[in-house]
*Asks:* 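This is the structure I have questions about; it appears just below.
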Amino acid sequence: MLDLDTLWHAITEGFRQKLSLPAFNTWIDTAVPVKLTNHRLTIKLPSELHRDYWQSNLTQPLIEFAYEFAHDDIQPIFVVETDDDPTVSTLNQPAAATATLSQNAKLNPKYTFETFVIGKGNQMAHAAALVVSEEPGVMYNPLFFYGGVGLGKTHLMHAIGNKMLADDPTTKVKYVTSEAFTNDFITAIQSKTQEQFREKYRSVDLLLVDDIQFFADKEGTQEEFFHTFNALHDDGKQIVLTSDRLPDEIPKLQDRLVSRFQWGLSVDITAPDLETRIAILRTKAEADQIDIPDETLSYIAGRIDSNVRELEGALARVHAYSKLVKKPITTELVASSLKSLKLDRRSSELTIPLIQEKVAKYYHVSLADLKGKKRMKAIVMPRQIAMYLSRELTDSSLPKIGNEFGGKDHTTVIHAYDKIAGALKTDTDLQAEIDNLKTEIQR
Ligand SMILES: Nc1ncnc2c1ncn2[C@@H]1O[C@H](COP(=O)(O)OP(=O)(O)OP(=O)(O)O)[C@@H](O)[C@H]1O
């Protein structure tokens with residue numbers, strides 16, 4: 001008489017030979033045999049995702065292993081564990097297994113779709129990311145995220161990788177920053193290991209390259225990346241890129257790369273609105289088990305309005321402060337902690353309106369003209385300087401800065417920034433003026 005444990009042991013041994021260790025840990029180790037009656041083997045799985053995976057990928061081998069061992073036709077029945085089923089204690093295992101996988105691919109296991117809060121500024125980017133993770137290499141290739149610092153580009157990029165690995169642990173995912181790609185390439189040249197370098201980058205299913213604006217000026221790296229891109233794209237492999245601006249706004253990026261980056265879909269991520277900021281803080285507080293009243297979350301979200309990384313940083317510091325002084329987190333405590341630690345100066349006191357006001361005063365132009373459309377040099381220059389300082393001194397995204405200047409396009413802001421940054425290299429008068437203005441604004 002065939003018993004459940006012996007049969008299951010034989011099946012798992014079969015899978016152990018067949019699958020990689022992470023795959024085995026993710027799919028087989030988390031499965032629990034429940035009963036065997038009338039040639040039907042009931043198996044309990046931790047989620048729908050696991051059941052889908054078993055049904056499409058593991059059922060056939062299971063039947064074969066069972067037949068090899070028992071010379072019997074066994075039919076598997078899958079049931080999904082529910083939250084109100086406390087008898088099975090494997091709920092955490094898939095998460096742990098995914099975490100190991102993520103580390104191998106250099107992904108942050110915390111950056112998943114589940115931990116990403118959807119809001120107005122990022123919903124399109126989020127949806128595109130999800131589509132790509134479900135059908136890589138089909139719809140949007142490459143997928144290109146652009147926008148200001150700390151707004152979730154890296155998070156979404158990793159979420160694609162994490163999801164693809166969770167769906168299929170055998171997926172090859174590679175995440176690099178453009179600097180890491182450059183360094184890797186230089187090392188390959190020095191150690192004459194270009195072949196291995198190419199093999200490494202061209203054999204993946206998903207290539208994630210962060211902050212590609214740093215490819216600017218690097219001719220050799222661009223050349224190499226062009227070939228990497230083509231090899232992957234020709235093979236139907238998915239490529240995801242991020243940058244602080246659109247491909248055609250990256251200075252010194254070769255035209256052929258710009259045009260390839262435009263083949264797929266470019267989506268921008270803009271700063272979250274107040275509701276989204278509160279939701280992000282609440283999610284973060286819950287995840288880290290920080291006890292904080294809603295009113296206090298709103299207070300923080302109201303003071304830090306442009307950058308999610310700063311928002312998270314403020315919460316972490318407030319948490320640390322409350323532990324230090326051994327008091328619960330209240331709005332009062334937050335106000336005093338942010339003030340005493342001088343934490344919120346950069347992001348909340350240094351606002352674009354403040355910069356506009358100081359610049360307008362300095363150059364004796366009206367605020368309306370500074371934000372308006374007049375093309376006279378006496379107005380255009382201060383306007384560009386104000387845009388430049390807004391980008392330098394705040395974490396506002398380019399579209400946000402454009403908005404604050406009478407609804408101008410973010411390309412206008414980039415143009416202004418580049419113009420002033422360029423002039424600053426040689427113009428000593430301008431250097432002095434900008435220094436004065438910075439002191440004035442930060443006073
Ligand atoms: N919508 C969101 N929901 C939850 N967390 C978010 C969201 N947006 C950003 N974050 C968090 O904010 C932090 C900064 O995000 P991320 O590193 O992805 O920004 P980025 O746009 O890649 O910035 P950079 O250009 O500096 O690389 C991360 O910890 C990320 O998890």
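Just so you know, ligand 1 is whichever comes first in the structure, and atom 1 is the first atom listed for that ligand.
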*Asks:* With respect to G152, determine whether any N or O atom, backbone or side chain, lies less than 3.5 Å from an N or O atom of ligand 1.
*Replies:*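 Checking ligand 1 against G152, an N or O pair does fall under 3.5 Å apart.
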*Asks:* What do you reckon, does N122 put a non-hydrogen atom under 4.0 Å from ligand 1?
*Replies:*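 N122: in contact with ligand 1 (<4.0 Å).
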*Asks:* Would you say E392 and Y417 are linked by a side-chain donor-acceptor pair, where the criterion is simply a distance under 3.5 Å?
*Replies:* yes
*Asks:* Just which atoms of ligand 1 are under 4.0 Å from any heavy atom in T115?
*Replies:*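 In order of number, 3 (N), 4 (C).
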*Asks:* Which residue owns the protein heavy atom closest to atom 7 (C) of ligand 1, what's the atom, and how far is it?
*Replies:* F116 CE1, 3.8 Å
*Asks:* May I ask you to check whether F185 and F225 place their ring centres under 6.0 Å from each other?
*Replies:* no
*Asks:* Among all the protein's non-hydrogen atoms, which is closest to atom 6 (C) of ligand 1, and how far away is it?
*Replies:*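 Of the protein heavy atoms, V308 CG1, 3.6 Å lies nearest.
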*Asks:* Considering only non-hydrogen protein atoms, determine which one is nearest to atom 30 (C) of ligand 1 and report residue, atom name and distance to 0.1 Å.
*Replies:* H155 ND1, 3.4 Å
*Asks:* Among all protein heavy atoms in this structure, tell me which lies nearest to atom 25 (O) of ligand 1, with the distance rounded to 0.1 Å.
*Replies:* K153 NZ, 3.1 Å
*Asks:* Flag this pair as yes if the NZ/CZ of K153 is under 6.0 angstrom from the six-membered ring centre of Y146 and inside a 45 degree cone about the axis; otherwise no.
*Replies:*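 Here K153 fails the 6.0 Å and 45° test against Y146.
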*Asks:* Distance under 6.0 Å and angle within 45° of the ring axis: does R256 meet both against F226?
*Replies:*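 Ring-cation test returns yes.
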*Asks:* Tell me: protein heavy atom nearest atom 13 (C) of ligand 1, and distance?
*Replies:*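 That would be E312 OE1, 3.6 Å.
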*Asks:* Between the side chains of D273 and T276, is a donor N or O closer than 3.5 angstrom to an acceptor N or O?
*Replies:* yes
*Asks:* Note the single closest protein heavy atom to atom 17 (O) of ligand 1, along with its residue, its atom name and the distance in Å.
*Replies:* R309 NH2, 3.0 Å
*Asks:* I need the nearest protein heavy-atom contact for atom 22 (O) of ligand 1: residue, atom name and distance, please.
*Replies:* T154 OG1, 2.5 Å
